[in-house]
2 protein chains.
Amino acid sequence: MKLTVDGRETDLPAVWWHSEQKIVQLIDQTKLPFQCSIHSCKTYLDVVDAIKTMKIRGAPSIGAAAAYGLAQAINEFWGKDDYLSNIQSAYDQLLSSRPTAVDLKNGLDYVREIWTDSAKEAIVYAQKFASRISMQGKKIGEVGKSLIKENMNILTHCHTGALALVDYGSAIAPLIASWKEGVRFHVYVDETRPRMQGRLTSWELRQYGVNHTVICDSASGHLMATGKVDLVILGADRVTRNGDVANKIGTHNLAVIAKYYSIPFYSAFPDTTFDINSESGADIRIEKRDPQEIYEVRGISTISKEQTSIQAYQDNTHCYNPAFDVTPAELLTGYITPHGILSKQQLIQKYMN
Amino acid sequence: MKLTVDGRETDLPAVWWHSEQKIVQLIDQTKLPFQCSIHSCKTYLDVVDAIKTMKIRGAPSIGAAAAYGLAQAINEFWGKDDYLSNIQSAYDQLLSSRPTAVDLKNGLDYVREIWTDSAKEAIVYAQKFASRISMQGKKIGEVGKSLIKENMNILTHCHTGALALVDYGSAIAPLIASWKEGVRFHVYVDETRPRMQGRLTSWELRQYGVNHTVICDSASGHLMATGKVDLVILGADRVTRNGDVANKIGTHNLAVIAKYYSIPFYSAFPDTTFDINSESGADIRIEKRDPQEIYEVRGISTISKEQTSIQAYQDNTHCYNPAFDVTPAELLTGYITPHGILSKQQLIQKYMN
């Protein structure tokens with residue numbers, strides 16, 4: 001992705017291997033959108049820490065970071081005594097650095113295949129794993145851009161960009177691909193409380209100069225009712241066998257309102273998001289996250305201009321914080337995948353065969 | 001309303017006349033929900049300042065404060081030289097203390113009727129004006145409580161409480177009236193970005209011990225889809241002749257989703273909210289407020305515990321901040337008014353005759 005680090009414009013993925021310095025580097029997402037800086041991981045333990053502290057986030061990006069971290073450990077311990085027990089320990093520590101994401105295990109297992117064969121190849125494997133993710137995003141961009149027309153107003157929710165998918169992103173990818181080809185449109189970016197991932201989306205769109213406006217999550221109904229939204233594109237956290245989509249809380253709201261006003265509504269995602277083991281959205285347990293995410297808002301002090309956070313609620317206010325919701329397949333117009341824009345029937349046919 | 005000031009439980013409206021000290025007093029809303037304190041206005045100029053700085057807010061409460069402020073000015077200048085020019089100046093300053101609300105002018109004009117007759121009567125008039133507002137809220141509470149059943153889950157949006165309507169409130173009034181009678185239920189309180197009026201609703205419900213949970217505005221779809229909401233009640237800023245309801249941004253979202261899931265959806269409001277001069281929602285110009293409201297979030301510093309605010313977005317992030325939206329009459333189940341729970345036809349019949 002295009003970005004500016006220390007005043008210099010450059011092009012970097014969310015995480016990568018610095019081959020001269022033999023370190024893992026990543027864009028520190030905890031400082032965004034206020035500051036764009038590169039974080040260096042000198043050993044795999046730094047990678048564990050970067051994942052734990054959410055310097056890197058977004059399930060696919062975490063998977064890539066873990067793959068790089070394990071490759072780094074393999075190189076660190078290669079040829080030494082207790083090589084196997086050391087890299088097994090690295091594997092375990094990386095695996096437990098975040099609780100849920102399946103991508104994390106996928107990334108580690110991909111590199112594990114080679115870990116007794118070649119230290120150098122381990123790096124190549126990690127790079128292949130990361131590249132496969134970003135290529136899926138690139139494909140989604142190419143596929144999805146046919147939906148984007150001149151002068152459209154497009155609404156998106158949460159953050160589905162390069163930071164989360166190593167590069168390119170999912171729902172963001174068609175927007176940037178179209179913009180690069182000279183199509184001019186405007187994006188409404190949902191703030192996406194509680195964690196305000198809209199800030200990251202806004203930051204990524206800004207890198208490419210894409211026209212966009214941040215709105216509060218509750219403004220979408222007004223915009224759709226008054227003809228200000230032509231298309232809704234967002235990502236997915238999990239897509240089940242019947243085409244139901246689990247995604248960031250608020251997706252369901254947008255889907256119902258878009259349906260009411262007959263506005264096309266698409267979910268974009270890479271192959272790994274399709275969950276062959278889940279029959280329908282009813283199988284998905286919605287993650288209830290810490291109410292602290294609602295309580296505490298991060299930003300820049302209006303006095304000191306330093307990054308800080310405030311408590312936005314009274315002590316002991318009872319908050320409920322479901323992280324995701326499930327949108328039933330019948331509310332979706334289609335699915336933007338690396339294999340094309342698919343109807344529900346096509347989606348099932350593609351992934352179930 | 002029930003509240004605790006300096007550790008002492010008491011019962012106070014949003015604004016009142018302290019007859020011994022001859023001052024206007026009010027609950028300082030800029031410090032809520034973190035601190036509950038009484039602000040004293042020694043002269044009408046202090047009232048002007050309190051309205052300007054939003055120590056008192058909510059159109060009907062502002063109207064009452066202005067009425068008290070003018071009565072206070074009448075008493076200050078009564079019998080002095082230039083009495084008339086002084087109170088005219090007081091009237092003008094109070095009128096321009098906030099730009100829009102019609103209640104402000106109504107309050108001032110109500111007291112103006114008596115301003116050359118009797119200084120003492122001016123106070124009585126202001127009290128009558130304030131009392132009329134709070135009695136409408138009380139009536140809404142009595143009328144609306146028939147909708148509230150044991151074990152219900154009720155969703156509300158924005159702040160529609162005693163702080164804004166001198167006492168009792170609109171959509172909140174039926175909840176508190178039912179709770180006082182021993183009906184036990186649970187309220188989901190929408191955070192209501194950008195200004196987070198959900199904090200005030202939570203604070204008011206807390207005074208009565210009403211079970212409630214704050215949610216992000218985007219969580220309502222998930223809750224409605226999973227059967228967690230039995231009833232939606234919220235207020236109104238303006239109701240037009242065809243029954244369309246202008247209310248806090250996000251109301252439209254809730255109305256569409258409630259309709260989709262066949263959940264009863266009511267708007268509660270006093271007589272002054274019905275606008276006989278507006279044909280339909282299409283006549284209402286939606287107020288676009290300062291994006292600063294999205295940018296800046298007020299709360300308590302997590303370090304110093306002092307009230308402060310943070311900038312939540314990068315500099316120059318383009319934000320769009322419509323304050324209200326319009327919900328078409330066909331999305332409403334009914335209207336909770338001081339005259340009963342009315343259908344659209346009954347509403348029109350009641351207010352248009």
Side-chain angles (χ1 to χ4, degrees), chain A residues 33-34 157 188 190-194 196 199 202-203 206 211-223 225 248-257 259-261 286 291 294 296-303 305 308-314 317-322 324-326 328, chain B residues 33-34 157 188 190-194 196 199 202-203 206 211-223 225 248-257 259-261 286 291 294 296-303 305 308-314 317-322 324-326 328:
Chain A
F34 304 107
H157 190 67
Y188 284 111
D190 259 2
E191 171 172 73
T192 320
R193 279 281 288 154
M196 296 179 152
R199 303 196 284 208
S202 169
W203 178 84
R206 189 186 271 222
N211 284 335
H212 70 280
T213 303
V214 172
I215 55 166
C216 290
D217 302 316
S218 56
S220 49
H222 170 62
L223 291 172
K248 181 57 56 198
I249 191 77
T251 301
H252 192 109
N253 298 38
L254 296 173
V256 171
I257 304 164
K259 185 78 168 184
Y260 189 78
Y261 289 109
I286 298 295
I294 298 180
E296 201 170 311
V297 182
R298 189 172 66 85
I300 291 174
S301 163
T302 46
I303 300 157
K305 303 293 172 193
T308 184
S309 62
I310 52 156
Q311 178 187 328
Y313 286 88
Q314 275 183 284
T317 301
H318 188 239
C319 296
Y320 174 63
N321 184 21
F324 306 102
D325 58 26
V326 174
Chain B
F34 304 107
H157 190 67
Y188 285 110
D190 259 2
E191 170 171 74
T192 319
R193 279 283 286 155
M196 294 179 154
R199 302 197 283 210
S202 169
W203 177 83
R206 190 186 271 223
N211 284 335
H212 69 280
T213 303
V214 172
I215 54 168
C216 290
D217 302 317
S218 57
S220 49
H222 170 62
L223 291 172
K248 181 55 59 199
I249 190 77
T251 301
H252 192 108
N253 298 38
L254 295 173
V256 171
I257 304 166
K259 186 77 166 183
Y260 189 78
Y261 288 109
I286 297 295
I294 298 180
E296 202 171 310
V297 183
R298 189 173 66 84
I300 291 174
S301 162
T302 45
I303 300 157
K305 304 292 171 194
T308 184
S309 61
I310 51 157
Q311 178 186 327
Y313 286 88
Q314 277 183 285
T317 300
H318 188 240
C319 295
Y320 174 62
N321 183 21
F324 305 103
D325 58 27
V326 175

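A, B, ... follow the sequence lines: proteins, then strands. Residue 1 opens every chain.
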Non-hydrogen atoms of chain B under 4.5 Å away: do they reach the side chain of [X], the backbone, both or neither?
| X | answer |
| --- | --- |
| A:Pro322 | side chain |
| A:Arg298 | backbone |
| A:Lys248 | neither |
| A:Leu254 | neither |
| A:Glu296 | side chain |

Mind telling me whether A:His222 and B:Tyr320 have parallel, tilted or perpendicular rings, with 30° and 60° as the class edges?
-> parallel
Flag the one option from [options] with the top tally of heavy-atom pairs under 4.5 Å to chain B.
| options | answer |
| --- | --- |
| A:Thr251, A:Asn211, A:Val256 | A:Val256 |
| A:Ala225, A:Gly299, A:Cys216 | A:Cys216 |
| A:Ile303, A:Val214, A:Ile257, A:Leu223 | A:Val214 |

What residue in B:Ser220, B:Pro291, B:Ser202 has the most heavy-atom pairs under 4.5 Å with chain A?
-> B:Ser220
Interface check, chain A: of B:Val326, B:Asp325, B:Thr213, most non-hydrogen pairs under 4.5 Å belong to B:Thr213
Determine the minimum heavy-atom distance between B:Thr302 and A:Ile310, stating which atoms define it.
-> CG2-C, 3.9 Å
At what distance, to the nearest 0.5 angstrom, does CE of A:Met196 lie from OH of B:Tyr313?
-> 4.5 Å
Roughly how far, to the nearest 0.5 Å, is the CD atom of A:Glu191 from the OG1 atom of B:Thr317?
-> 11.0 Å
Given side chains that start at C-beta, do those of A:Arg193 and B:Asp217 come closer than 4.5 Å, heavy atoms only?
-> no
